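Structure, as structure tokens:
Quick caveat: nothing in here was measured; it's all calculated off a predicted structure.
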Amino acid sequence: MPATSLKIGTERSEALAEALKALKTNSTLATLNLQDNSIGEIATLDLENCKIGDNGVQALGESNSIGDNGAQALGEALKTNSTLATLNLGCNSIGDNGAQALGEALKTNSTLATLNLWSNSIGDNGAQALGETLKTNATLTTLDLYNNSIGDNGAQALGEALKTNSTLTTLDLWDNSIGDNGAQALGEALMTNSTLSTLNLTGNSIGDNGVQALGEALKTNSTLATLSLSGNSIEENGVQALGEALKTNSTLVTLNFQNNSIRENGAQALGEALKTNSTLATLDLYNNSIGDNGAQALGEAFKTNSTLATLNLYENSIGDNGAQALGEALRTNSTLATLNLSRNSIGDNGAQVLGEALKTNSTLATLNLYENSIADNGAQALGEALNINATLTTLNLSRNSIGDNGAQALGEALKTNSTLATVNLRDNSIGESGGQALGEALKTNSTLVTLDLYNNSIGDNGAQALGEALKTNSTLATLNLGCNLIGENGAQALGEALKTNSTLATLNLNINSIWYKGLLAFSEALKTNLTLAVLGLRDNLIKPKILMAFSEALTSKSTLATLDLTCNLIEDNGTQALGEALSTNSTLTTLYLAGNLIDGSGVQVLADALKLNSTLTTLDLQHNSTGNNGAQALADALKINSTLTTLDLWRNSIGENGAQALAEALRTSWSLTTLYLQDNSIGDNGALALSQALKTNSSLITLDLWGNSIGDNGAQALAEALKRNSTLTTLYLQNNSIGDNGAQALFQGLQVNSTLTTLDLWQNSFTDKGTMILSEMSHICLVDTQVRFKRTSLREHSFEF
């Protein structure tokens, strides 16, 4: 059978049920995927479009909304089917009736091992039916009910089932409005259950009473290995009960407690437990306000604990005293490999003790001290430690207060250290002498792969020192020098180094002051360099004359794949040089030219180059002045070009004529997958033209029409297109003028469409009536299982490290 997918709606699912019955003797069908589905009124299933591979895996569609009727039909099929092992029904508008039907089927089905029902509308009745099933079912091992509404009653039913069930190993109940009563029922079950190994209760409303019940269960349970209780309402008393359980429990390996309020008493209870516990390997206490006293208690535990390998204490109000206690523990601890102390209040004293610990510690591989208050003295202590330490591979000191003296100490350490591979020093206060010290270190260091110095002040002297180092260094692959006051001399030194360096693949020089001489040096280097793939030159006041010299390098056998020239002064003359280079360049895949004062004639030159270029996949022209003439030129190029997949024309004044030209290109272009046209005044006429193109285009996946004065007529045209389009998954229509009629049309279009997963309609003009209509489109469930009416975060529009 052809390896193609089929979108299946409610009536299609009824037909699929008949097909599954027919397949009861089939020996290959193992997986059926119906997640994220939308309604389709088709009464028969064409098995010629099924995807049944040689490996016995079948995936049928990813955009249906089978609802209760479809689930009931599938349930009937499962009663007789004897091969299906995995059924994915995530985000399908299944309610209690559908869950009940599936539960009935599983009472007799003897093959299904995995059932995914996440993001549906299953309540306590549906969960109760599934619970009854689990009492007798002997094959299901994984049940995913994430983001439903089973509540306490549903959890109690599942708990009753777990008392006798002997096959389920994974149960996901994240975000299900389960409170203490539900948690208590699950705890009761765990006292006798002997198979469940993973239980996810994240994002519920469980308090101390519920956790106390779970703690009691863990005293006798011998199978649970992973327990997630993040984002509940657990305080000190609940954690104390868990701590008591951990003293005797011998199976739990991972405990996730993020975003609760255990505070210092809770941490002390966990610390006491860890003194005797011999299995827990990962403990996540992110954002729990444990403070110094809590950290001290955990530190005491680590002196004797011999199993914990990962500890996350991110954002916990830990100061120097807490860090000192943890440092003392690390002197003797022999298992901890990852310690995250980010966003605390650790200063030099705490860092000094941690440094002393690293001199003797032989297991810690990752130390994260991001956003603390460590200055030179603390960095010096850490540097001293690195002269001796032989295990640390990653050190993150970003966003602290480290200056030249601290950087010098770290540089001295790097001369002899033979394990550190990643050092992050971004957002500190390192100047020229600190940069020079690090450069000296790189001349002999043979292990460092990534060095991040973004947003310091190393200047030309520091860059020159790093350049000298790169001439002989043979390991550094990524160097981030963005925002460092580097000018011509520093850039020239780095350029000279690239002529002989054979390892650096990524160099970020964004937000510096590199002009003609510096760019010319890079141009010469790229003619012979064989490794540099990514070069960031954003915000460097690069002008056309300067760019002409640089562009010559792009015509050579360069390896450069990504070039960021965002927010310079390239203008039309500069695009002439870039266009000539792109006509023959065969390596560049991504070019960022946002905010460069390029108008229609400059874009036309780039468009002419695209007719010949066969490698560029992403072109970012946002915040220029392309206009309708430039858009027309790009459209003509797209009719010929077969490699460009992403075109960003955000805020380019292309108007409806430009949109019409691009729409014409989309009728025949089969490579473009992403088109950003935000803030371009295309209006209803532009939307109408694009809609016509979408009826036949089969490549576009994302279309951004944010802020384009599109009204009901444009929305109605887009809705008609959605009825026929089968590839678009994301449509941004924020900040337009779409009213109730447009909302009604979109709703109707999405009754037929089976691929769109994200529709953003934030800040339009529909009333409560329009909102009510759109709220019915729950099958568009990429975000929060509904159409989004709130503002979304903007995409990154240029290359960043």
Dump the intermediate steps for side-chain contact (heavy atoms from CB on, under 4.5 Å) on Asp620 and Trp650, then the final yes or no. CA-CA 9 Å; Asp620 183 352; Trp650 181 11; over 6 Å; no
Before you tell me yes or no, could you show the steps for Leu395 and Leu420 under side-chain contact (heavy atoms from CB on, under 4.5 Å), namely the whole-Å CA-CA distance, both residues' side-chain angles and the distance that decides it to 0.1 Å? CA-CA 8 Å; Leu395 177 61; Leu420 209 60; 4.2 Å; yes
Determine, stepwise, if the pair Glu371 / Arg399 fulfils salt bridge (Lys or Arg N to Asp or Glu O under 4.0 Å). CA-CA 5 Å; Glu371 199 170 334; Arg399 202 168 287 188; 3.7 Å; yes
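Within the 4.5 Å cutoff, the side chain of Leu582 has no heavy atoms near those of the Leu610 side chain. At a threshold of 4.5 Å between non-hydrogen side-chain atoms, the residues Leu466 and Leu453 count as touching.
For the side-chain hydrogen bond (donor to acceptor under 3.5 Å, both in side chains) condition, the pairs that include at least one residue of residues 654-669, sequence neighbours left out, are Glu656-Asn685. Within the structure, side-chain hydrogen bond (donor to acceptor under 3.5 Å, both in side chains) contacts touching residues 461-474 (residues at least two apart or in different chains) are Glu432-Asn461, Glu468-Lys471.
For the side-chain contact (heavy atoms from CB on, under 4.5 Å) with Thr702, the lone residue among Thr758, Leu675, Thr674 that qualifies is Thr674. Residue Ser601 forms a side chain to side chain donor-acceptor pair (under 3.5 Å) with just one option from Asn629, Asp572, Asn573, and that option is Asp572. Put simply, the residue from Asp452, Asn456, Asn455 that forms a side chain to side chain donor-acceptor pair (under 3.5 Å) with Arg426 is Asp452.
A donor-acceptor pair shorter than 3.5 Å cannot be found between the side chains of Asp427 and Ser398.
Ring-plane geometry between Tyr314 and Tyr370 is classed as parallel, the angle between the planes falling under 30 degrees on a 0 to 90 degree scale with a further cut at 60.
Summarising the geometry, atom CG belonging to Leu616 is positioned 6.0 Å from atom CG belonging to Leu591; distances are rounded to the nearest 0.5 Å. Atoms CG and CG, from Asp648 and Leu677 in turn, are 8.5 Å apart once rounded to the nearest 0.5 Å. Rounding to the nearest 0.5 Å gives a distance of 10.5 Å between CZ of Phe522 and CG of Asn529. The CD atom of Gln622 sits 11.0 Å away from atom CG of Asn680, with the distance rounded to the nearest 0.5 Å.
Of the possible polar contacts, none joining the Thr393 side chain to the Ala421 backbone as a donor-acceptor pair under 3.5 Å is found.
Closest heavy-atom contact between Ala635 and Ala665: O-CB, 3.4 Å. Closest approach of Asn428 and Leu425 over heavy atoms only: ND2-O, 3.0 Å. Nearest heavy-atom pair, Ala689 versus Ala663, reported as atom, atom and distance to 0.1 Å: O-CB, 3.3 Å.
Evaluation of the side chain to side chain donor-acceptor pair (under 3.5 Å) rule for Asn735 yields no partner, not counting sequence neighbours.
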